Amino acid sequence: MRAVLAQSRAELALTLRRGESLLVSFAIPIGILVFFAEVAPVSTDLDDPVAFLVPGVLALAVMSTAMVSLAIATGYERRYGVLKRLGSTPLSRGGLLAAKTVNVLAIEVLQAVVVVVTGVLLGWEATGGLVLAVVFLLLGTVAFAGIGLLMAGRLRAEATLALANGCFLVLLFLGGMAYPLEDLPRILRDVAQVLPAAALSESVRAACTPGVAVPTWSVVVLGLWAVGAPVLAARAFRWEE
Amino acid sequence: MSATPAIAVADVVKQYGERRALDGLSLSVAPGEVFGLLGPNGAGKTTTVEILEGYREPDAGVVRVLGLDPVRDGARLRPRIGVMLQEGGLYPGLTAREVLRLFAAYYAEPDDPMALLARVGLEDAARTMVRRLSGGQRQRLSLATALIGRPQVVFLDEPTAGMDPHARATTWTLVRELAEREVTVMLTTHAMDEAEHLCDRVAIVDHGRVVASGRPTELTRSLARDEVELVSEPGIDVAALAGALGLGSDRVRERRPGEYVLAAPGTPDLVADLAAWMRDRGHRIDVLHTGRRSLEEVFLRLTGDDAAPTAVPGP
């Protein structure tokens, strides 16, 4: 327990010292929220851009932390032999995973606070089923962490860095986060429907919106990613590069 | 040697695809011993150490550390061993002190991190990020992480590679302190002087097998040769010298100008006669080398590409 606490503290310190990771985790979601709400509302047919954007940006925040930051940090820990070295200490794999979970959740809570406060300042009214939204965000965290660890545990650190950022960008475009999926061409929309980003943002948005039923398809897709990605990651993970 | 060895390796085979990294390797290390694994690159030293640390499983054979199987009993063994990898293993974004405090938290009764940092000579670098440490400083921090948990067995994979002479001396002192505290140490090294100075026993490994093992002095004595080397001014009359020493004229030769080889055992009598003859002729003696081979010579002879299997007494 003492080991897991110390490990969590170290992981958190490392995360907070990585400026580029904080940029992806905080500046980009907030930037997107403010920009699309105030400066350039893309879709004129949205009667409440902030109500649309806040759930999407929460999903984006989860994606940035659980997928991008986790993948890059873990990939380089593997590159530097840190993961290998930990393997011969009494810290178990479970303990390491617990510490990484604490780290991801702590950053996500900070992100959520910043996004929600910014949203409220922009006029957002939190009226929907927030408990359900949190459940979906946790499910999304599991799915994206699985994807991140799949890259980090198998690819070279540089490849993980590039691919994680690339996926972030693609999933941002196809994620129904900054603008509705309906704005996409048909073919892209079909692709987006099976990806985890849109599944997460649609589920969270429905949960946050009173009177809107949670779309079954999105929840099923999200659930499949949340099971499949970690299972694949666990099978593919190599502790040494 | 005590009844239960700290480290026991019996007939271990490890195959990587086509390559057989370990080919029936066996060795045994007593508690409190400092044991050196020597061998050329690719001989199987790191593979052996990593099997003992629980990183890899042997394809055949039996491995025990403190009586435990490093893989199956890993959770019980890891609190009792300390590991220094050949390279890496440190978070670049933490300071030296943070790294050591973190590692201290993994163990039930750790050493004091700041005191250990001072012992490895890093007290001035305590607040320096690992990524800003020099190679030698990182090696010493890595060594400190191996010792922080007060282990009973320590594995050091090329602990002094890349260290300056000062850091190397510090490391040697630390290893000797471990030996005094009855900690078992297994280290790999390329530096024969390191093995000669530090190790109670060594094993020379080549092509995945132990080709010789024993105390460093046993190994060097076993391959002592009947040869005396002399360095002096060039052009000494070798025939006259051979005659004076009662040797056949073909047994003294000038290998290179000023470098003489006498094909005879370097007995005290021979050395006395040689010295007297040189004095009478007014020749200098710059270097006189007799008998015992250095461990380095033993190593090169046993592990060269053309090395024939040599019978060397075991421990």
Side-chain angles (χ1 to χ4, degrees), chain A residues 1-23 25 69-70 72-100 102-103 107 152-153 156-158 160-161 237-241, chain B residues 46 49-56 65 70-71 73-95 97-110 113 129-131 138 141-151 153-157:
Chain A
M1 196 58 211
R2 197 167 56 96
V4 175
L5 273 177
Q7 186 69 28
S8 307
R9 224 177 16 243
E11 301 253 351
L12 211 53
L14 285 163
T15 305
L16 295 174
R17 282 173 199 176
R18 275 193 297 267
E20 72 283 3
S21 142
L22 293 182
L23 182 81
S25 301
S69 294
L70 182 66
I72 295 171
T74 308
Y76 277 95
E77 283 163 11
R78 184 161 156 264
R79 150 68 49 85
Y80 294 128
V82 173
L83 296 184
K84 177 178 180 179
R85 179 67 185 84
L86 294 181
S88 60
T89 69
L91 180 72
S92 64
R93 289 178 178 188
L96 179 62
L97 201 62
K100 288 198 172 294
V102 169
N103 179 32
I107 298 293
R156 285 183 309 114
E158 293 83 358
T160 297
L161 177 75
F237 205 90
R238 299 285 176 269
W239 294 81
E240 296 172 39
E241 191 169 88
Chain B
T46 296
V49 171
E50 292 195 346
I51 284 175
L52 291 167
E53 292 162 346
Y55 285 117
R56 330 201 170 282
V65 178
V71 174
D73 308 319
R76 279 199 292 157
L77 181 59
R78 284 191 288 270
R80 299 167 68 189
I81 64 169
V83 168
M84 177 178 177
L85 297 178
Q86 203 174 96
E87 56 175 11
L90 303 170
Y91 286 100
L94 295 181
T95 67
R97 186 174 57 177
E98 286 171 333
V99 167
L100 216 46
R101 282 187 177 157
L102 174 62
F103 274 74
Y106 299 151
Y107 298 90
E109 288 170 24
M129 291 264 187
V130 168
R131 70 163 63 90
R138 281 185 211 181
L141 181 58
S142 178
L143 174 64
T145 67
L147 306 183
I148 189 72
R150 297 181 196 266
V153 178
V154 176
F155 297 98
L156 310 174
D157 199 354

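A, B, ... follow the sequence lines: proteins, then strands. Residue 1 opens every chain. For clarity, every value in this text was computed on a predicted model and none was experimentally measured.
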inquiry  = Which one wins on heavy-atom pair count under 4.5 Å against chain A: E53(B), R56(B), R101(B)?
reply    = R56(B)
inquiry  = What's the separation between atom CD in E98(B) and atom CZ in R9(A), rounded to the nearest 0.5 Å?
reply    = 10.0 Å
note = One option among A3(A), G81(A), S88(A) has the most heavy-atom pairs under 4.5 Å with chain B, and it is S88(A)
inquiry  = What part of L90(B) gets within 4.5 angstrom of chain A, counting heavy atoms only: side chain, backbone, both, or neither?
reply    = backbone
message = How long is the straight-line distance from CG of L102(B) back to CG of L91(A), given to the nearest 0.5 Å?
response = 8.0 Å
message = Quick check on E77(A) against chain B: is it the side chain, the backbone, both or neither that has a heavy atom closer than 4.5 Å?
response = side chain
remark   = d(T145(B) OG1, R85(A) CZ) to nearest 0.5 Å is 4.0 Å
CD/Q86(B): more than 12 non-hydrogen atoms of other groups inside 6.0 Å = yes
inquiry  = Need one label for P151(B): side chain, backbone, both or neither, based on atoms under 4.5 Å from any heavy atom in chain A.
reply    = neither
inquiry  = Need one label for R17(A): side chain, backbone, both or neither, based on atoms under 4.5 Å from any heavy atom in chain B.
reply    = side chain
inquiry  = If I measure from the heavy atoms of chain A, does E50(B) come under 4.5 Å with its side chain, its backbone, both, or neither?
reply    = side chain
Contacting region of F103(B) [heavy-atom separation from chain A under 4.5 Å] = side chain
note = Taking every heavy atom of Y55(B) against every heavy atom of K84(A), the minimum-distance pair comes out as OH-O, 2.5 Å
task = Flag the one option from P90(A), A10(A), A13(A) with the top tally of heavy-atom pairs under 4.5 Å to chain B.
result = P90(A)
